[in-house]
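Order of the sequence lines fixes the chain letters, A, B, ..., with proteins taken first and strands second; residue numbering starts at 1 for each chain.
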2 protein chains.
Amino acid sequence: MNAATEPLRVDRPAKTLRELTLEKMREAIFSQHFRPGDRLVERDLCERLGVSRTIVREVLRHLETEGLVSNLPARGPIVSRTTAAEALQIYEIRGALEAIAARACAEARQPATIAALDACLARILAGYARGNSTLVLEATSDFYRTLFASSGKEVAWNIVNALTMRINHLRSMTIKTPGREVEGPRQMQRIVEAIRAGKGEEAHAAALQHVASASAIAQRLLREREGG
Amino acid sequence: MNAATEPLRVDRPAKTLRELTLEKMREAIFSQHFRPGDRLVERDLCERLGVSRTIVREVLRHLETEGLVSNLPARGPIVSRTTAAEALQIYEIRGALEAIAARACAEARQPATIAALDACLARILAGYARGNSTLVLEATSDFYRTLFASSGKEVAWNIVNALTMRINHLRSMTIKTPGREVEGPRQMQRIVEAIRAGKGEEAHAAALQHVASASAIAQRLLREREGG
DNA sequence: TGCCGTACTATGGCATACCATAATCTGACG
DNA sequence: CGTCAGATTATGGTATGCCATAGTACGGCA
């Protein structure tokens, strides 16, 4: 952090309509306002969002490229359905990337990073204690954001971020699984401890394991859903 | 492969103008017709491509989301410049994902997969022997495509594919490095041998190493470029 | 009564036109 | 000769409108 250049950056508040719309749409999908499989009819979205089709189309293209929206030929765009197989792949990729970031953090061993991770962990525990799922999800995202940002893995973070949106519904179900409020934070704690100790490979392994157990839960949920 | 459903699929030849334009643009960037940093003025592209700005803009949005194009505020789109730091990250991510795919292939141990990989390898060697870089690059891409397809890692493949385009210029320089025509194929051979032997972890490690050495060469090239 | 063809409608594909603003040029004034 | 203000231009942002086609509903004919 260079105090002369970094602070107080205003980051272009003059957003374009397209950017605003993108955020709105993302939020709408994220919050399950649009469910997987729902059709996204361009003209309907225009009316709802109060923007022109040009904007809506560009935003849909963007979301499609991210994988959040699929375009059925001669049907139009829908919110992507994530199959069990895809979810498995997504968890696997996330695991690999988060493991890389965790290892890098451990090797850097920055006190500021560790403090930030501790703070996120505290929020996660608070969220579980109060039964506040939103807080848990937010703090978990912040945990990983910190992990990637601190290790300078912006590219990986962008990928993880996009992938995470595609398994959003699974995430919110996963954290509500009995026992997850103990196991999840404990595994994340292990990541932080490994980073604190500067043990790269341990952090790597701990991150892998955390995602792996989330993946296992998700797979069980998906089987249940498909089974009945 | 289900013979009843898979073969002869025509795959929607009625492509939209947008899709055609996307391919053209990708190809133009891939073939260095547009270089990193070049401005992509919408109206100029319209004229050159013979399509409307609507199309061009949607395509640019798509490429931007993929990371191939950057949008400078109040300046417009340019072909993304890949910094040394980004390239390092991209190689690291590719390594992790290719390692996962290689491991999965080894665990599956499909004769068809191994045969296809062998064929790719032969083409790579032929390409080096004839000094045909294009063939080398193509066959290398096919090698990895096979690796990901055979292991059913479509999601990862999409990511790798997008990332690869961003380091395209480095790839073509890397394979021309003295000694690479020996080391590269040898490392890929090791991946195939591990798969043939059904040794997942060995395949994983071999894939990691292959990318790591490519990354090392790329870093050297980038330092040279920035140095003088 | 059931099936097929036709008309209609919903919806995406594409092009054009206008507007706002940032970059740039130009000329006058100090 | 330099600098600053105003005009001009380049360029992206946005809206609108028409067209083609896939899906759908309806009516007639067997």
Asker: Where the side chain of B:Ile55 is defined as all heavy atoms beyond and including C-beta, which of C:dG12, D:dG13, C:dA15 is the nearest nucleotide?
Answerer: C:dA15
Asker: Could I get the full list of side chain to side chain donor-acceptor pair (under 3.5 Å) partners for B:Ser215, not counting sequence neighbours?
Answerer: none
Asker: What integer distance in Å separates B:Glu47:CD from C:dT16:C1'?
Answerer: 15 Å
Asker: In a check of side chain to side chain contact (heavy atoms under 4.5 Å, CB included) between B:Ile217 and each of B:Leu170, B:Leu222, B:Thr174, which one passes?
Answerer: B:Thr174
Asker: What is the distance, rounded to the nearest whole Å, between atom CG of A:Leu20 and atom C1' of D:dG13?
Answerer: 13 Å
Asker: Would you mind reading off the distance between A:Glu58 atom CD and D:dT14 atom P, rounded to a whole angstrom?
Answerer: 8 Å
Asker: Could you list all the salt bridge (Lys or Arg N to Asp or Glu O under 4.0 Å) pairs where at least one residue sits in residues 142-151 of chain B, not counting sequence neighbours?
Answerer: B:Arg123-B:Asp142, B:Asp142-B:Arg145
Asker: Show me the side-chain donor-acceptor pairs of residues 22-29 of chain A shorter than 3.5 Å, one per line, residues at least two apart or across chains.
Answerer:
residue : atom : partner : partner atom : Å
A:Glu23 : OE2  : A:Lys15 : NZ           : 2.7
A:Arg26 : NH1  : A:Glu66 : OE1          : 2.7
A:Arg26 : NH1  : A:Glu66 : OE2          : 2.9

Asker: Among residues at least two apart in sequence or on other chains, which ones pass salt bridge (Lys or Arg N to Asp or Glu O under 4.0 Å) with A:Arg220?
Answerer: A:Glu224
Asker: For residues A:Glu86 and A:Arg81, report the shortest heavy-atom separation together with the two atoms involved.
Answerer: OE1-O, 3.5 Å
Asker: Show me the pairs that pass ring-ring contact (aromatic ring centres under 6.0 Å, His included) and involve residues 147-176 of chain A, at least two apart or across chains.
Answerer: A:Phe148-A:Trp157
Asker: Output the rounded distance in Å from CG (A:Asp44) to C1' (C:dT11).
Answerer: 10 Å
Asker: Let me know the distance between CZ of B:Arg75 and C1' of C:dA23, rounded to the nearest Å.
Answerer: 8 Å
Asker: Taking only residues two or more places apart in sequence or in another chain, which ones pass side chain to side chain donor-acceptor pair (under 3.5 Å) with B:Glu98?
Answerer: B:Arg94, B:Tyr144
Asker: Between C:dG13, C:dA22, D:dA15, which one does the side chain of B:Thr16 approach most closely?
Answerer: C:dG13
Asker: Applying ring-ring contact (aromatic ring centres under 6.0 Å, His included), can you list everything that pairs with A:Tyr91, at least two apart in sequence or on another chain?
Answerer: none
Asker: Base, sugar-phosphate or nothing for B:Arg57? Non-hydrogen atoms, less than 4.0 Å.
Answerer: base
Asker: May I have the distance from B:Leu60 (atom CG) to D:dG13 (atom C1'), rounded to whole angstrom?
Answerer: 14 Å
Asker: Taking salt bridge (Lys or Arg N to Asp or Glu O under 4.0 Å) as the definition, give me every residue that meets it alongside A:Glu64, ordered by chain and number, with sequence neighbours left out.
Answerer: A:Arg61
Asker: Report the residues that fulfil side chain to side chain donor-acceptor pair (under 3.5 Å) with B:Ser213, sequence neighbours left out, ordered by chain and then residue number.
Answerer: B:Arg180, B:Gln187
Asker: Tabulate protein N/O versus nucleotide N/O from nucleotides 16-19 of chain D, keeping only pairs under 3.5 Å, one per line.
Answerer:
residue : atom : partner : partner atom : Å
D:dT16  : O4   : A:Thr54 : OG1          : 3.3

Asker: From CD of A:Glu42 over to P of C:dT11, roughly how many Å is that when rounded to an integer?
Answerer: 10 Å
Asker: Please list, for nucleotides 6-8 of chain D, all pairs of protein and nucleotide N/O atoms separated by less than 3.5 Å.
Answerer:
none

Asker: Rounded to whole Å, how long is the line connecting atom CG of A:Leu45 with atom C1' of D:dA15?
Answerer: 16 Å
Asker: Quick one, which residues of residues 61-72 of chain B touch DNA chain D with a heavy atom under 4.0 Å?
Answerer: none
Asker: Are A:Phe34 and A:Leu45 side-chain neighbours, meaning at least one heavy-atom pair lies under 4.5 Å?
Answerer: yes
Asker: Among the candidates C:dC14, D:dG13, D:dG12, find the nucleotide nearest to the side-chain atoms of B:Arg39.
Answerer: D:dG12
